[in-house]
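Please read all numbers here as calculations on a predicted model, not as lab measurements. Letters A, B, ... are given to chains in the order of the sequence lines, protein chains preceding strands, and every chain is numbered from 1.
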Protein chains: 2
Amino acid sequence: MSSSSAAPGRGDKAVKPPMRDALVAAAFRLFLERGYEETTVDDIVALAGVGRRSFFRYFPSKEDVVFPDHERCLAEMTAFLAASAADDEPVRRVCDAARLVLRMYAENPAFSVQRYHLTKKVPGLRAYELSVVWRYERALARYLRTRFAGLGDGVLRADVIAAAVVAAHNNALRSWLRSDGKGDAQAAVDHALGHVQAAFGATPAPPVTQGPEDVVVVVSRRGAPLWRVVQELESALGRG
Amino acid sequence: MSSSSAAPGRGDKAVKPPMRDALVAAAFRLFLERGYEETTVDDIVALAGVGRRSFFRYFPSKEDVVFPDHERCLAEMTAFLAASAADDEPVRRVCDAARLVLRMYAENPAFSVQRYHLTKKVPGLRAYELSVVWRYERALARYLRTRFAGLGDGVLRADVIAAAVVAAHNNALRSWLRSDGKGDAQAAVDHALGHVQAAFGATPAPPVTQGPEDVVVVVSRRGAPLWRVVQELESALGRG
DNA sequence: GGCCGCGGTGGTACTGGGTTCCGTCCTGCG
DNA sequence: CGCAGGACGGAACCCAGTACCACCGCGGCC
């Protein structure tokens with residue numbers, strides 16, 4: 001049920017203190033059987049058998065105990081984006097970064113589904129989740145801004161694409177969570193992100209390679225949705 | 001400085017109580033000269049000369065006094081979307097809805113700029129603003145979902161477009177706020193939303209009109225950014 | 001005119017999240 | 001053995017938000 005893998009032997013300094021996991025476990029037991037707002041921090045620490053002070057040593061707020069691994073995942077995403085190569089296609093890169101978040105959810109389907117039902121009911125937790133999602137979005141946008149620097153409206157494009165990627169990811173993630181983790185989350189997210197790449201993808205790196213001129217002919221029924229035309233166009237340009 | 005227009009004679013039942021405006025004024029005076037977190041609710045009510053109990057009658061929380069008019073604006077946006085005609089172009093419609101929010105900010109530039117500087121500094125206010133923005137986004141997405149019902153991935157498209165519209169709007173809004181309300185906010189938002197419409201616009205109403213076939217020829221240098229191609233394509237299709 | 005109901009107001013006390021400060025224990029080390 | 005430092009616990013505190021009640025001004029009603 002706990003979020004942090006208990007695999008020992010990692011070189012990362014300290015071993016994960018079991019107290020943190022014990023607090024998460026105690027908190028979720030009470031949240032699920034009694035409700036989030038009906039559970040006080042004192043109840044949690046009493047069940048875990050530790051002092052109240054220790055709770056706030058491990059979690060800056062009561063809400064944080066519901067999202068115990070997002071801090072780590074955000075750090076992973078930041079590192080992933082920082083490790084990008086110069087010739088990576090930016091939109092594809094941020095889509096891959098978003099898949100890191102999905103992976104974290106998929107590692108503990110039962111835990112993720114429980115948390116989903118909690119956040120769906122409690123407004124305070126929804127607000128907290130929004131701030132978490134916002135930090136992911138800002139990380140994506142920061143990366144895209146550097147990649148779009150110099151292009152016209154680079155900052156705008158970065159913000160819009162980051163928002164679209166997050167929205168598509170969350171759409172697929174939530175539909176997977178609603179199904180109690182039964183479906184194929186990976187496929188759902190791939191499908192959703194595909195739409196975003198169809199709309200925004202294939203922006204070249206700033207130094208445009210001056211290739212030979214080329215002519216593309218698109219045949220479209222007037223009135224067809226533009227995004228369908230874009231999909232056709234994309235495949236015609238050889239970026240399928 | 002207050003947000004609610006004091007125009008009398010509206011048929012909406014009660015006149016706006018001056019106490020609400022007095023609380024907003026007192027709160028912002030203290031927030032600006034002393035900081036948000038360093039100001040207690042008791043300080044505000046003491047300055048306004050009212051009882052502590054009355055503060056929470058007008059504002060459900062301390063954060064709400066910073067966003068005194070978003071509730072009204074959200075209601076206006078919902079009404080605006082509900083009043084849409086069946087043949088409205090959905091993406092254009094949600095862009096117009098987003099412009100309602102801009103109009104609210106532009107009605108009181110000084111107030112909006114002060115609030116911007118507050119929310120920039122205080123994490124708690126940023127989180128609250130996120131939940132407000134989220135409600136706007138959900139309103140847009142709800143409308144788009146109904147319009148895209150029946151289309152493949154209609155829900156996904158609705159969520160992504162709503163997120164993109166909000167991101168573009170906020171990008172332009174924030175850049176205007178950073179300039180202390182000096183630039184042309186309307187033009188900035190129009191420009192930003194134009195990008196979104198270029199990427200997503202012109203989805204036909206569900207019953208596609210079976211017009212005559214037509215041929216569009218696009219000449220593009222291989223390697224050009226896709227969004228440029230989309231812009232060309234859009235103008236070729238006569239949706240400039 | 002006296003009485004009553006009622007909505008807006010203020011005051012008081014309480015709950016609970018979050019912080020500060022301090023004391024304690026345990027551990028490793030010179 | 002003494003000590004330094006870190007993990008833990010506990011008591012007190014601050015403040016946002018809530019519940020409850022007492023007050024007051026006002027219009028209606030008998």
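Along DNA chain C, the nucleotide nearest to A:Glu37 and the one nearest to A:Arg57 differ in position, and the one closer to the 5' end is contacted by A:Glu37. DNA chain C is contacted by both A:Arg53 and A:Thr39; A:Thr39 maps to the nucleotide lying nearer its 5′ end (nearest heavy atom per residue).
Salt-bridge formation is detected for the pair A:Arg138/A:Asp159: a Lys NZ or Arg NE/NH1/NH2 atom is positioned less than 4.0 Å from an Asp or Glu carboxylate oxygen. Between B:Lys120 and B:Glu129 there is no salt bridge, since no side-chain N of the basic residue sits under 4.0 Å from a carboxylate O of the acidic one. Between B:Asp96 and B:Arg99, at least one side-chain N (NZ, or NE/NH1/NH2) sits under 4.0 Å from a carboxylate O, which counts as a salt bridge.
Rounded to whole Å, the distance from CZ on B:Phe55 to P on C:dG11 is 16 Å. Atom-to-atom, CD of B:Glu63 to P of D:dC15 comes out at 16 Å; the value is rounded to the nearest Å. A straight line from CZ of A:Arg20 to P of D:dA7 spans 14 Å, rounded to a whole angstrom. Distance, B:Leu30 CG to D:dC15 C1': 16 Å, rounded to whole Å. Rounded to a whole Å, the CZ atom of A:Phe56 is 14 Å from the C1' atom of D:dC14. Atom-to-atom, CG of A:Asp64 to P of C:dT19 comes out at 10 Å; the value is rounded to the nearest Å. The interatomic distance linking A:Lys62 (NZ) with C:dG18 (C1') rounds to 12 Å, in whole Å. As rounded to whole Å, 10 Å separates atom P of D:dC8 from atom CG of A:Leu23.
In the interface, the side chain of A:Arg52 is not paired with the base of C:dG16 through any donor and acceptor atom under 3.5 Å apart.
Annotation: side chain of A:Leu125 is in contact with side chain of A:Tyr36 (closest heavy-atom distance under 4.5 Å).
Under 4.0 angstrom from either OP1 or OP2 of C:dT9 there lies at least one side-chain N or O belonging to B:Tyr58. When the side-chain nitrogen and oxygen atoms of B:Ser54 are compared with OP1 and OP2 of C:dG10, one or more of them lie within a distance under 4.0 Å.
For the pair A:Arg115 and A:Phe28, the cation-pi criterion (under 6.0 Å, within 45° of the ring axis) is not fulfilled.
As judged by a 4.0 angstrom heavy-atom cut-off over every strand, B:Phe59 is placed among residues making no nucleic acid contact.
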